[in-house]
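Notes follow once the structure below has been shown.
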Protein chains: 2
Amino acid sequence: MPDNKPAVPSRRSDTTRAAILDAARERFAADGYERATIRAIARDAGIDPSMVMRYYGSKEGLFAAAVTVDLKLPDLGPLPREEVGSALVTHFLAMWEETEVLTALLRVGATSQAGAERMQGIFQDQLLPVARQVCPDPEQVPARAALTATQLLGMALARYVLRLPPAVALSRQEIVAWLAPTVQRYLTAPNP
Amino acid sequence: MPDNKPAVPSRRSDTTRAAILDAARERFAADGYERATIRAIARDAGIDPSMVMRYYGSKEGLFAAAVTVDLKLPDLGPLPREEVGSALVTHFLAMWEETEVLTALLRVGATSQAGAERMQGIFQDQLLPVARQVCPDPEQVPARAALTATQLLGMALARYVLRLPPAVALSRQEIVAWLAPTVQRYLTAPNP
DNA sequence: ACCGTTGGTCAACGGGTGTTGGCAAACGTG
DNA sequence: CACGTTTGCCAACACCCGTTGACCAACGGT
């Protein structure tokens, strides 16, 4: 046995594994869960479909391994209250444009129950804590975080998935300028 | 030939055709395009899968026939300017909850290119004209309508497709109270 | 009462899918 | 060098899909 520690075995096949994950992310983002076939992913990665099964067990296992999301949400604590909206929107836009994982997740979340549950988990584990930092009333944190999610996900849906032309045409600055006050209000404004 | 006019032939099979369309809408809304199989739809409708082919030609033809969307958007002309936001949000919520077609369309729009184009068409043909009625600057109508779409679709996504628990828990009145000012601002407020 | 038209079923085809097991080669230690 | 392990390919399985064509039964106008 080369290393007694099971952590990070550093196998010789790591490059292949990574190629599979890359191809899987791309296909899941472009085609959604059903249309992204293991055969196509293997072809993109330049290996045999059976390798995918050996390394990731099943198509579901591959999806779980390929689509892991860390939103890297910033710490809103030290920020002035009136800047949390624009900070969040700016960060979200950057994340959506620098990785295709989020598009893949949204596509799959819209079609399969398992995908929807995955998004619920991300919402709960990553967005809720941030909302807790800036929400005045702890009781209202879930509702306000959910409202924030509707606006952020709605923009992602229109711009990166449906590709509504006017939503694509907007510049990042315009989007921040329009959405930041909305998010700001959902998180910090008193009840309407 | 019973009637010389080809319009509304009123065939004997109309009840079967309607049953197929009903089952198709339900399956497309619940499962998305790929997982909604013709066989399952036919089983729901209580007939043979081949009938679906005879009446609608193909799976795509069935989808086109089953998912036709008329948002029935109200005429915003006579309305006071400050009420257009709440009128739109209220109307959208009612539409989403009274028919499953919109959920089906959103699910399919998120997965297939054809579905996305269908939604683009609905946006352009149905939402844009309404926005034109209330937007101050004609130049900005597409952008403002798109912003409105992001918020409305985002709520539909979170509430009816992803089913984020806090989004489901919100009452209709709460949703209107929170979203109406957002939509109002996107459509009528001066540039930020 | 005939007979073309329509509504409906049945069985099958061709193709693509996820998944499996066997086998050959390359590798990395003893 | 020898040998267990890893990496990879190949061929196949079982299943489900959309789609097709042959066939039967009920209708309805003349």
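So you know, we letter chains A, B, ... as the sequences are listed, proteins then strands, and number each from 1. Since we're looking at a predicted model, the values are computed, not measured.
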Problem set entry | Whole-Å distance separating the CD1 atom of A/I20 from the C1' atom of D/dG8 | 11 Å
Exercise. Is there a donor and acceptor pair closer than 3.5 Å between the side chain of A/R39 and the base of C/dG18?
Worked result: yes
Problem set entry | Minimum side-chain heavy-atom gap B/K59-B/Y33 below 4.5 Å | yes
Exercise. For A/R43 and A/D48, take the nucleotide of DNA chain C holding the closest heavy atom to each; which residue's nucleotide lies nearer the 5' end?
Worked result: A/R43
For this session: Would you mind reading off the distance between B/I41 atom CD1 and D/dT19 atom P, rounded to a whole angstrom?
Result: 11 Å
Exercise. Between D/dC16 atom P and B/R35 atom CZ, what is the distance in whole Å?
Worked result: 14 Å
For this session: Could you check how far OH of B/Y33 sits from C1' of D/dC17, rounded to whole Å?
Result: 12 Å
Exercise. Atom CD of A/E60 and atom C1' of C/dT17: how far apart are they, to the nearest Å?
Worked result: 15 Å
Exercise. Considering only heavy atoms from C-beta outward, does the side chain of A/L147 approach that of B/I175 to under 4.5 Å?
Worked result: no
Exercise. In whole Å, what is the span from the NZ atom of A/K59 to the P atom of D/dC15?
Worked result: 19 Å
Exercise. Any salt bridge between A/R163 and B/E117, counting N to O under 4.0 Å?
Worked result: no
For this session: Give the rounded distance in Å between these two atoms: CE of B/M53 and P of C/dT9.
Result: 16 Å
Exercise. Under 30°, 30 to 60°, or over 60°: which ring-plane class applies to B/Y160 and B/W96, parallel, tilted or perpendicular?
Worked result: parallel
For this session: Could you check A/E34 against A/R54 and say which one's nearest nucleotide on DNA chain C is further toward the 5' end?
Result: A/E34
Exercise. A/M51 has a side chain; which of D/dG8, D/dC17, C/dT19 sits nearest to it?
Worked result: D/dG8
For this session: Kindly indicate whether a cation-pi arrangement holds for B/R144 with B/Y186, taking the cut-offs as under 6.0 Å to the six-membered ring centre and within 45° of the axis.
Result: no
For this session: Find which nucleotide of DNA chain D each of B/S58 and A/T16 is nearest to by heavy atoms, and output the residue with the more 5' nucleotide.
Result: A/T16
For this session: Ignoring hydrogens and angles, answer whether the base of C/dC10 and the side-chain atoms of B/S50 contain a donor-acceptor pair closer than 3.5 Å.
Result: yes
Exercise. Which part of the nucleic acid does B/Y55 contact within heavy-atom distance under 4.0 Å: base, sugar-phosphate only, or nothing?
Worked result: sugar-phosphate
Exercise. Rounded to the Å, how far apart are B/Y56 OH and D/dT20 P?
Worked result: 17 Å
